[in-house]
Participant: 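Dropping the structure in here first, questions after.
By convention in this document, chain letters (A, B, ...) are assigned in the order of the sequence lines, proteins followed by strands, and residues within each chain are numbered from 1. In this text the structure is predicted, and so the values were computed from the model without any measurement.
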Amino acid sequence: MTEPNKLPHHGVPDHQPAAGGIAARARAAATPQYLSGLNPEQREAVETLDGPVLVLAGAGTGKTRVLTCRIAHILSQGRARPGEILSVTFTNKAAREMKLRLGQMLGQAVEGMPWLGTFHSIGGRILRTHAELVQLKSNFTVLDVDDQIRLLKQLLAADNIDDKRWPARMLAGLIDGWKNRGLTPSQVPPGEAAVFGNGRGGKLYAAYQERLKILNAADFGDLLLENIRLFREHPDVLRQYQHRFKFILVDEYQDTNVAQYLWLRLLAQAPSKPGVPLSSVIPGRIDSTVIPGRAEGTNPESGARDGDQTDRDSGFAPAGAPRNDEVNILPQPGMTAPNPPKNICCVGDDDQSIYGWRGAEVDNILRFEHDFPGAKVIRLERNYRSTGHILAAASHLIAHNEGRLGKTLRTEDVDGEKVTVTGSWDSEEEARAIGEEIEELQRAGNKLNDIAILVRASFQMREFEDRFVTLGLPYRVIGGPRFYERAEVRDALAYLRTINSPADDLAFERIVNVPKRGLGDATVQMLHDHARKRRIPLFEAARAVVETDELKPKARGSLRDLIASFDRWRAQREVTSHTELAEIVLDESGYTEMWQKDRSADAAGRLENLKELVRSMEEFENLQGFLEHISLVMDRDGGAEDDAVSLMTLHSAKGLEFDNVFLPGWEEGLFPSQRTLDEQGRAGLEEERRLAHVGITRARRRAKLYFATNRRIHGTWSTTIPSRFLDELPAPNVEITESKGGSGWGGSGGYGPSRFDNVESFGSSYSTPGWQRAQAQRARGQNGGRGGGQAGGGFNESQSPFSGSRSDTSNSRGEGFSRNKRAPLTIEGELIAKSTGTTSEFSLDDRVFHQKFGYGNVVKIDGNKLTIAFEKAGEKKVVDSFVERV
DNA sequence: GCCCCTAGGATTTTT
DNA sequence: TCCTAGGGGC
C-alpha cells in the first residue's frame, strides 16, 4: 500500500508538524509512540473513534498509516479486542500490508487480527460458518471466472441457446453486475434480465444459482450476496456479528460496490432487538438525492440502490434524514430504542476510484455523509510523496472532473523536475526511448526497483518486454496471470477439490480425462445425462454407470479405476498429511508423469509450479483450509528480490509508489480508452481521468508521459492523436521533450529537441512535433514513410511501421508469463443438452428401448440399475435413465 | 477418442 | 497479430 509520511527527498528537513514547536514535541513525547509523527488531520482521523468517520485521503497522504494507527489506538485504549474489529480492504495486498504494519507497530502484542481481510475473504468466512442457512455446505467451493463460464455454457446449451449469439462470457458479466449490485435473481429488473438470450437472462441467472447450490459452490459475487441474504433472512445471525464488531474500518471506500455497501451497512447498524424483524425496526430507505456537483445521469446504475427490495432492511438513514453535521442521529420513528451509529470509519479517495467498470460506486463515498448522518469528515491533503511539479500536474488534471468531493493536495517538498511529455513516432520507438532513459537513470545511480512503467492496457507491455529482453534489462511484470490460474495448478486443484467435495462436478469434469484415460466426450456426456436425470453429482453418476454395461469395457475399466483411486485418496486423507496426499494424488493419477513426458518447452516450468503448489499447502492446516484460501487469498508472489524495473497496468499500480514513473501510451482511444468512453460516456471519461491521476501520483520524483503517433492495434498500424489528458496538464509544470529513441522522425535533420525545450505554453499537445508530423503524414496519405529521409540514427533500425514486420524476435517472455495452454475442454454444454424428458419407474417385464442396445425386456431391477434382455445385444445391465418404455 | 488445422474473434482494467 | 474454439480427418 502507500507509504505515507515517507521522509522527504532531496534532503529537505522533516516537514511533519509534530516536529514543529516545543509544545508539539512535548505533546509528542507524552503520547503513545504510534501517534507521534502524525499531522493534525491524521491524528484527528486516528483519535476520532466514536461515530461514523469518513477520511478523504488523497494520494500519498498517509491513508494506510492512519488506518493502522487507528487500529492500534483502539486496541491500546482498550476500546476493543482484536477480534472485535472488522477491518476490510479491497485487495489481499492491502490486507497483508496492514497486518505487517500492525505487527511492527504493536510488536507481537496482537495475535493476528482475525477480521482483517478483503471483503471477499471475510464474506466467505462468515458464509462458511453458516453455510447451511444458505443451502451450502461449509466446504463449498469458490468458483473462479473460468468455472463460472463453463457452468454457464452448460446452462446455455441446456436451454438451446446459441452461445455464439449469446456468449456465456456476456452472461457471466451480467450476472456479475447484478451480484455487484446486490440483486438476487428475483430482484433483477425484468427489463434488464430480458436483454440476454431473448428474454431468458433472468431465468438463466436463477438456474445458475440453483446449479451452484447443487455443486456446493459459490462464485465471487455470492460471497457477498449470499452473505447479505444470510443476514437478511436470519436477523439473529446478523445480530451476532453486529455485537461482535465494535469497530468497523474500511479501506478504499471509493471502490466499494453496492453489495459491499449493503453488507457494510447491515453490519454497521446497531444490533436490533431480538425477535423484531429488521424491516420493522428501521423503515427508512435512502432517497436518491443528487450529490451536488455530480453530473446528473452519469451513473445509470445508481438507481438500483433505491429499489425498496435491496435497501429496505438495512436503511441506516431514513428518507429525508437531515444532513446533520454535529449531532448524532436521533431515534427515528419506528425505532424501539436509541440506535447509536456504529463506529465505522471509511477511508478513501474519490479521485482514485478506478473500478467503476466492476461495479464500484463512487456514489458510496460521495454520499457517505448522507448515509451516515452525523459523520465526521476529515480530509487529508498533505502529500508526503511527490514533488511540487508532479503534484501540481496531477491536481490540475483531476480538477477537470466534475463529480468529486474536492480536495487540494499540497506538498512542502521542493518543486523538483517538471513532468515531461515526450512524443515518439511509434510504439516501438516509445519503448526504445523509455529503455534508454531507464538505462540513463540506472547509470545515474537509480535503482531499477525505483522505476516503474505503468500502462493502460496489458497489451502495451509486450513491446517493453521485447525491448528489455534485447537490452538485457531486468524487469518484472506485476499482475498478469495468477499462480492459481495456470492450467497445471488448476488441474491439480481440481483433483483436490474432487477429493474434498465429491459434488464438485466442475472439478471432476476437468480432470476426468486429464491425463488422457480414454474418457472422452461421449463418456462424459453419458455421465451428464445420468447425473442430470437423477439429480446426483457426476461422480455419483460415474459410480453407478460403472456397475453397468453402458460403457465400452475400456472406458468402463478406466472410469472404475479412477473412482477407486478417488475412494482410496479420500480414505488416505484421514491418515496422511494434506501435502503428502497431494503428492500421492499427483503421482498416482499420472498427472505428474504426463508433464514429465511432455516435450514442450514449458513442461519443466509446469512441474516446478506443481511443486510450488504443494509447498504452498504447507502453510495451511489441512486440505479444506487450503482450498478455502487458494482462490481468495493466493496472490502470485513477487518473490524476486532482484533489482528490476516494474511493469504493470495503471490499475494494479494503485497503492504503489516509485521514484521514477514512466507513463506510455497517452493517446486518444487508448488512454482514455475508447471503449470506456463508448460504454460509459462522461462517467467513463472521468474514470479514465482518475486513472491518469493515479498514474501521475505514483511518482515521487519523476513522472514521464509519452505518446506515440502510430500504434499497432490488433496487428494493424493506425495513426493516433495525443491524449486529451495531455492538454489538461498545467503548462508551468510540464516540459515537452523530444524522444530520445532517436531512430524515428525526430533525428538531427528534423525537429531538434532544442526547438521545443523552451515551449512556454503547452496550449495544445497537438502542437507537439509528433502530432504535427502525424498531421503532415496523414495529409500525404500515409505514404511518405518517415519524412525527411533519416536513416537509422545509430539504432537498430526497425522497418517502417507500415511494413508490418518486426525487427526483433518476440518469443521470449518474462519469467512466469507463459500464456496458458490449457487442456482441451470437453464440450460440456452439448452433454447436458441431450438429456431430455423424465424416466418413469420400471417394472419387471417392461418392454424398453435403449439407444445403443435396441429393444428388450426388463428382467431384473436393482435400484436404478436394470438388467435387460435385449433382442440383439443379449442380457445387459444398464442405468434406468437410459432406457424408455415402449 | 484424439489430434491437427483453420477460421474467426479479440484486446482494458480484477476480487 | 496472436489466440482460441471448433470442425474435420485419422
Participant: For A/Asn180 and A/Ala555, find the nucleotide of DNA chain B closest to each by heavy atoms; which residue's nucleotide sits nearer the 5' end?
Facilitator: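 Of the two residues, A/Ala555 wins.
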Participant: Should A/Thr89 be listed as having a side-chain N or O under 4.0 Å from OP1 or OP2 of B/dT15?
Facilitator: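 Answer is no, no contact under 4.0 Å.
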Participant: In this structure, how many angstroms lie between the P atom of B/dA10 and the CD1 atom of A/Ile149, rounded?
Facilitator: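 Taking CD1 of A/Ile149 and P of B/dA10, I get 13 Å after rounding.
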Participant: Roughly how many Å is it from CG in A/Leu143 to P in B/dT14, rounded to a whole number?
Facilitator: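 In whole Å, B/dT14 P and A/Leu143 CG are 21 Å from each other.
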Participant: Which residue lies toward the 5' end of DNA chain B, A/Ile713 or A/His120, if each is placed at its nearest nucleotide?
Facilitator: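 Whichever sits nearer the 5' end wins; that is A/Ile713.
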Participant: When you check the gap from the basic side-chain N to the acidic O, do A/Lys63 and A/Glu252 get nearer than 4.0 Å?
Facilitator: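 Result for this pair is yes, salt bridge flagged.
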Participant: Nearest-Å distance, CH2 (A/Trp357) to P (B/dT14)?
Facilitator: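 Rounded to whole Å, this separation is 6 Å.
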Participant: Is there a side chain to side chain contact (heavy atoms under 4.5 Å, CB included) between A/Glu430 and A/Glu463 once you walk through the steps?
Facilitator: CA-CA 9 Å; A/Glu430 182 183 69; A/Glu463 245 139 351; over 6 Å; no
Participant: Round to the nearest Å and state the distance from A/Asp162 atom CG to C/dG6 atom C1'.
Facilitator: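 Atom CG in A/Asp162 sits about 13 Å away from atom C1' in C/dG6.
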Participant: Please report the shortest heavy-atom distance between A/Gln254 and A/Ala360, naming the atom on each side.
Facilitator: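 For A/Gln254 versus A/Ala360, the nearest heavy atoms are O-CB, 4.1 Å.
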Participant: Detail all sub-3.5 Å separations between protein N/O atoms and N/O atoms belonging to nucleotides 2-9 of chain B.
Facilitator:
residue, atom, partner, partner atom, Å
B/dC2, OP2, A/Asn513, ND2, 3.0

Participant: Go through the structure and list residues passing ring-ring contact (aromatic ring centres under 6.0 Å, His included) with A/His120, not counting sequence neighbours.
Facilitator: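 Checked A/His120 against ring-ring contact (aromatic ring centres under 6.0 Å, His included); matches are A/Phe220.
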Participant: What is the distance, rounded to the nearest whole Å, between atom CD of A/Gln148 and atom P of B/dT14?
Facilitator: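 Roughly 17 Å, once rounded to whole Å.
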Participant: Which part of the nucleic acid, if any, lies within reach of A/Tyr355 when heavy atoms closer than 4.0 Å are counted: base, sugar-phosphate only, or nothing?
Facilitator: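 Here A/Tyr355 touches the backbone only, sparing every base.
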Participant: Less than 4.5 Å apart, side chain to side chain, heavy atoms only: is that true for A/Leu705 and A/Phe671?
Facilitator: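 Contact flag for A/Leu705/A/Phe671 side chains = no.
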Participant: If you check every side-chain atom of A/Arg462, which of B/dT15, C/dC2, B/dG1 has the closest atom?
Facilitator: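 For the A/Arg462 side chain, the nearest candidate turns out to be C/dC2.
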Participant: Can you check the A/Gln254 CD to B/dT14 C1' distance for me, whole Å?
Facilitator: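 A/Gln254 atom CD is separated from B/dT14 atom C1' by 15 Å.
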Participant: What nucleic acid atoms does A/Ser121 come within less than 4.0 Å of, heavy atoms only: base, sugar-phosphate, or nothing?
Facilitator: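 Nothing, no heavy atom under 4.0 Å.
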Participant: On the nucleotide B/dG1, are OP1 or OP2 found under 4.0 Å from the side-chain N or O atoms that A/Thr523 carries?
Facilitator: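 For A/Thr523, the contact criterion (side-chain N or O under 4.0 Å from OP1 or OP2 of B/dG1) is met.
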Participant: Main chain of A/Thr256, side chain of A/Asn364: is a donor-acceptor contact present, judged purely on distance under 3.5 Å?
Facilitator: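 Between the backbone of A/Thr256 and the side chain of A/Asn364 there is a qualifying donor-acceptor contact (under 3.5 Å).
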Participant: Given B/dT14, B/dT11, C/dC2, which nucleotide is nearest the side-chain atoms of A/His714?
Facilitator: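 Closest of the options to the side chain of A/His714: B/dT11.
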Participant: Using a strict threshold of under 4.0 Å (side-chain N to carboxylate O), is an ion pair present between A/Glu97 and A/Lys93?
Facilitator: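 Salt bridge between A/Lys93 and A/Glu97, a charged N being under 4.0 Å from a carboxylate O: no.
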Participant: Could you state the atom-to-atom distance from CE of A/Met461 to P of C/dC2 in whole Å?
Facilitator: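 Roughly 18 Å, once rounded to whole Å.
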Participant: Among the nucleotides B/dT11, B/dT15, B/dT14, which one has an atom lying closest to any side-chain atom of A/Phe459?
Facilitator: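 From the listed options, B/dT11 comes nearest.
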Participant: Output the rounded distance in Å from OH (A/Tyr253) to C1' (B/dT15).
Facilitator: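 These atoms are roughly 18 Å apart.
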